[in-house]
Amino acid sequence: GLPSAALSGTSLSRPRATRPNRPNRPPTASTAYSDNPSSTDEEITIHVCDEAKRVNKDFKCSKSILMNRMKYFESHLQNCQAVEDLEISVHCDVDIFDWLMQYINGEERPRLEVAKVISILISSEFLQMEDLVQECLEFVKDNLERVVMLPLDMNCLNNNLVKKLGEMVTAESLEQVKDPKDRLLSRLYMKKFEELLSEDAKDLNRCVYCNRLFTTSQHEWMVCEKARIFIDFHGNVIAEHVADRNWDINKFLMYVKQQGLTWREIYWKLWGRLVSFNCVSCGSEFVGAELGHCSYHPQEPRFPHGRNTGYYQCCEQKAVRFDTSIQKKGCSARNHVPKNDQLHSREYDLLIKKFSILEEPFGSKAEGKMSLQKILDTYVRNEDDDFESEDEESEVEEIKEEEKKTKNRTKSRTKKHEMNPKKQRVWKLDNLRLKDLNSMKELTNNLTRMRRRKNMKSKAKKK
């Protein structure tokens with residue numbers, strides 16, 4: 001639920017002597033008008049009802065200050081000329097509203113405190129106090145670990161506030177925060193990877209041939225081992241990934257979450273697929289998650305005399321002297337060596353720190369490791385099985401429907417014959433003729449076979 005300090009509603013109305021204010025009525029907003037003109041600096045009385053503490057308290061504030069500093073009231077007060085008959089009721093923690101009044105009226109602004117900052121943040125957003133919202137978010141960012149330790153349900157922070165806070169913090173700073181009850185950290189990581197995938201160049205796709213993930217920018221240099229090969233005008237071998245048109249990244253991420261991974265782990269696994277480096281050892285570009293995929297053969301290939309094809313002695317993989325196809329991976333692998341400028345970059349330092357989370361193991365090492373590629377392979381298999389079962393079900397339904405139509409046609413024909421005895425006699429006569437015809441054919445065939453046997457016997461005796 002909301003913290004007790006959060007605003008739960010306001011009402012603007014004309015006071016009635018016969019009916020006292022009800023503090024628990026639902027939030028409403030209405031204005032009362034008067035024909036008497038008044039100054040914009042007239043004071044307005046605000047009745048604050050604190051149901052949790054069972055306290056009611058009145059506050060006075062200038063109309064112009066209230067309209068300028070709390071934009072929520074602007075639409076209700078801008079067309080109101082007289083304030084004598086105007087009454088404002090606010091359901092809020094008395095101490096929080098007192099703090100807000102000091103903030104908009106006092107020359108010296110009150111200081112924010114960890115214990116009150118969430119309640120002030122929610123109330124200031126409700127009252128549309130943009131400057132104060134920004135100050136509260138800055139304070140929460142600087143004191144995040146202390147804030148998440150508060151005995152509050154952080155679900156009271158709406159998605160808009162969490163998104164703004166997520167834009168202010170870095171993934172590295174979140175790694176320093178301890179949130180044992182996961183009150184806020186997972187939601188911040190969710191917003192961080194939404195931010196990560198928001199750029200068009202980092203939109204993750206799946207290849208229909210090899211089932212690997214790639215972004216729009218990575219498509220330009222990545223090679224697909226299972227794609228159709230063609231040669232460009234410069235004689236280069238081209239084999240590109242082809243994006244799956246039915247790919248839904250959000251659906252896949254929810255499947256990844258169902259496998260027991262935290263949003264923190266999902267964030268770093270995705271981050272590892274988006275950053276790329278250049279290897280000085282093999283001369284290729286690689287994604288961070290595949291740092292350990294610099295493949296090679298520990299033994300040289302052996303070629304029979306005069307032949308272009310041979311095999312590697314270490315793994316018996318086929319080897320070709322002059323190969324125009326895609327270069328195949330070696331049977332062993334070591335770490336890529338990035339260029340000097342990338343070796344000392346922030347991204348590479350972060351990659352080394354988080355490599356145990358985001359690593360995509362090479363070859364047989366992938367067994368038993370919950371890697372993103374392994375989860376993707378399982379996900380695609382399940383999707384294909386579901387698709388095939390849907391096809392089978394639809395095919396069975398079509399067969400049943402066809403059988404049903406055939407039965408209906410047969411029934412309708414039978415009814416027609418039963419209703420017309422003349423046609424029924426003709427039909428029986430046709431059946432009898434058909435039986436006679438079949439009998440005659442069978443008799444003719446038997447006679448033909450007998451003649452052939454007789455001829456074969458007579459030829460055998462003459463010899």
Side-chain angles (χ1 to χ4, degrees), residues 193 196-253 255-256 269-297 308-309 317-331 333-339 342 347-348 351 358-363 366 371-384 387:
F193 74 66
L196 200 65
L197 299 175
S198 61
E199 300 176 24
D200 292 338
K202 292 183 178 179
D203 188 19
L204 268 180
N205 298 295
R206 184 190 77 87
C207 178
V208 294
Y209 291 128
C210 66
N211 202 32
R212 286 188 65 192
L213 294 174
F214 65 96
T215 64
T216 307
S217 58
Q218 291 169 356
H219 181 265
E220 298 175 2
W221 56 264
M222 270 192 173
V223 176
C224 179
E225 296 177 356
K226 298 182 180 180
R228 295 173 183 173
I229 300 170
F230 66 94
I231 311 297
D232 66 6
F233 290 108
H234 303 286
N236 299 316
V237 180
I238 306 297
E240 297 179 334
H241 290 301
V242 176
D244 181 1
R245 293 181 181 178
N246 299 318
W247 171 249
D248 187 345
I249 182 64
N250 295 317
K251 192 176 178 182
F252 171 64
L253 289 175
Y255 177 81
V256 175
K269 285 182 181 295
L270 284 176
W271 181 87
R273 299 294 315 180
L274 299 178
V275 293
S276 59
F277 306 89
N278 296 93
C279 179
V280 296
S281 296
C282 62
S284 64
E285 196 166 351
F286 65 96
V287 295
E290 296 178 355
L291 176 64
H293 287 222
C294 189
S295 63
Y296 67 99
H297 289 284
N308 184 44
T309 58
Q317 182 179 311
K318 182 181 176 181
V320 183
R321 290 183 193 272
F322 307 103
D323 195 0
T324 57
S325 63
I326 304 168
Q327 186 177 1
K328 293 180 172 57
K329 289 184 177 180
C331 59
R334 56 198 164 210
N335 283 356
H336 287 288
V337 181
K339 292 180 178 179
Q342 297 174 343
E347 285 81 8
Y348 188 72
L351 174 67
L358 55 87
E359 178 189 8
E360 291 286 349
F362 178 83
S371 66
L372 197 63
Q373 186 61 51
K374 188 175 181 180
I375 296 172
L376 177 60
D377 294 338
T378 307
Y379 171 76
V380 172
R381 279 198 300 271
N382 293 341
E383 286 287 299
D384 291 342
F387 185 74

Heavy-atom pair of closest approach, residues His241 and Cys224 = ND1-CB, 3.4 Å
Which is it for Lys269 and Ile375 under the side chain to side chain contact (heavy atoms under 4.5 Å, CB included) test, yes or no, and what are the steps along the way?
-> CA-CA 11 Å; Lys269 285 182 181 295; Ile375 296 172; 5.6 Å; no
Candidates Leu213, Leu253, Thr216, Leu196 - the one meeting side chain to side chain contact (heavy atoms under 4.5 Å, CB included) with Leu204 | Leu213
Evaluate the ring planes of Tyr348 and Phe277, with Trp represented by its six-membered ring, and classify them as parallel (under 30°), tilted (30 to 60°) or perpendicular (over 60°).
-> perpendicular
Which word best sums up how the rings of Phe362 and His293 line up, parallel for under 30°, tilted for 30 to 60°, or perpendicular for over 60°?
-> perpendicular
Pair Glu290 + Arg273, salt bridge at N-O below 4.0 Å = yes
Non-hydrogen side-chain atoms of Cys279 and Pro338 separated by less than 4.5 Å = no
Test side chain to side chain contact (heavy atoms under 4.5 Å, CB included) on Val287 and Leu274 and set out the steps.
-> CA-CA 7 Å; Val287 295; Leu274 299 178; over 6 Å; no
Over all atoms of both residues, closest heavy-atom pair of Ser281 and Cys294 = CB-SG, 4.1 Å
Has Arg334 got its NZ or CZ under 6.0 Å from the middle of the six-membered ring of Tyr296, at an angle within 45 degrees of the ring axis?
-> yes
Please test Tyr379 against Val256 for side chain to side chain contact (heavy atoms under 4.5 Å, CB included), starting from the C-alpha separation and ending with a verdict.
-> CA-CA 9 Å; Tyr379 171 76; Val256 175; over 6 Å; no
Checking Glu383 side chain against Val380 main chain: does a donor-acceptor pair fall under 3.5 Å?
-> no
Measure centre to centre between the rings of Trp247 and Phe252, then say whether the value is under 6.0 Å.
-> yes
Give the minimum heavy-atom separation between Trp221 and Glu285, together with the two atoms involved.
-> CZ3-O, 3.1 Å
Yes or no on side chain to side chain contact (heavy atoms under 4.5 Å, CB included) for Ile229 and Ile238, after CA distance, side-chain angles and deciding distance?
-> CA-CA 6 Å; Ile229 300 170; Ile238 306 297; over 6 Å; no
For the residue pair Leu358 and Leu372, establish whether any side-chain heavy-atom pair is separated by less than 4.5 Å.
-> no
Least distance between heavy atoms, Gln342 atom then Asn278 atom = OE1-N, 2.8 Å
Between SG of Cys331 and NE2 of His297, what distance do you get to the nearest 0.5 Å?
-> 5.5 Å
Min side-chain heavy-atom separation Gln373-Asn211 under 4.5 Å | yes
Minimum heavy-atom distance between Ser284 and Cys282, given as atom pair plus value | OG-SG, 2.9 Å
Polar side chain donor-acceptor pair, Asn205 to Asp244, under 3.5 angstrom = no
Under a 4.0 Å N-O cut-off, is there an ion pair linking Arg228 with Glu240?
-> no
Checking Glu359 side chain against Ala289 main chain: does a donor-acceptor pair fall under 3.5 Å?
-> no
May I ask you to test the Cys207-Phe214 pair for a side-chain heavy-atom distance under 4.5 Å?
-> yes
Answer yes or no: is there an ion pair linking Glu225 with Arg212, defined by an N-O contact shorter than 4.0 Å?
-> no
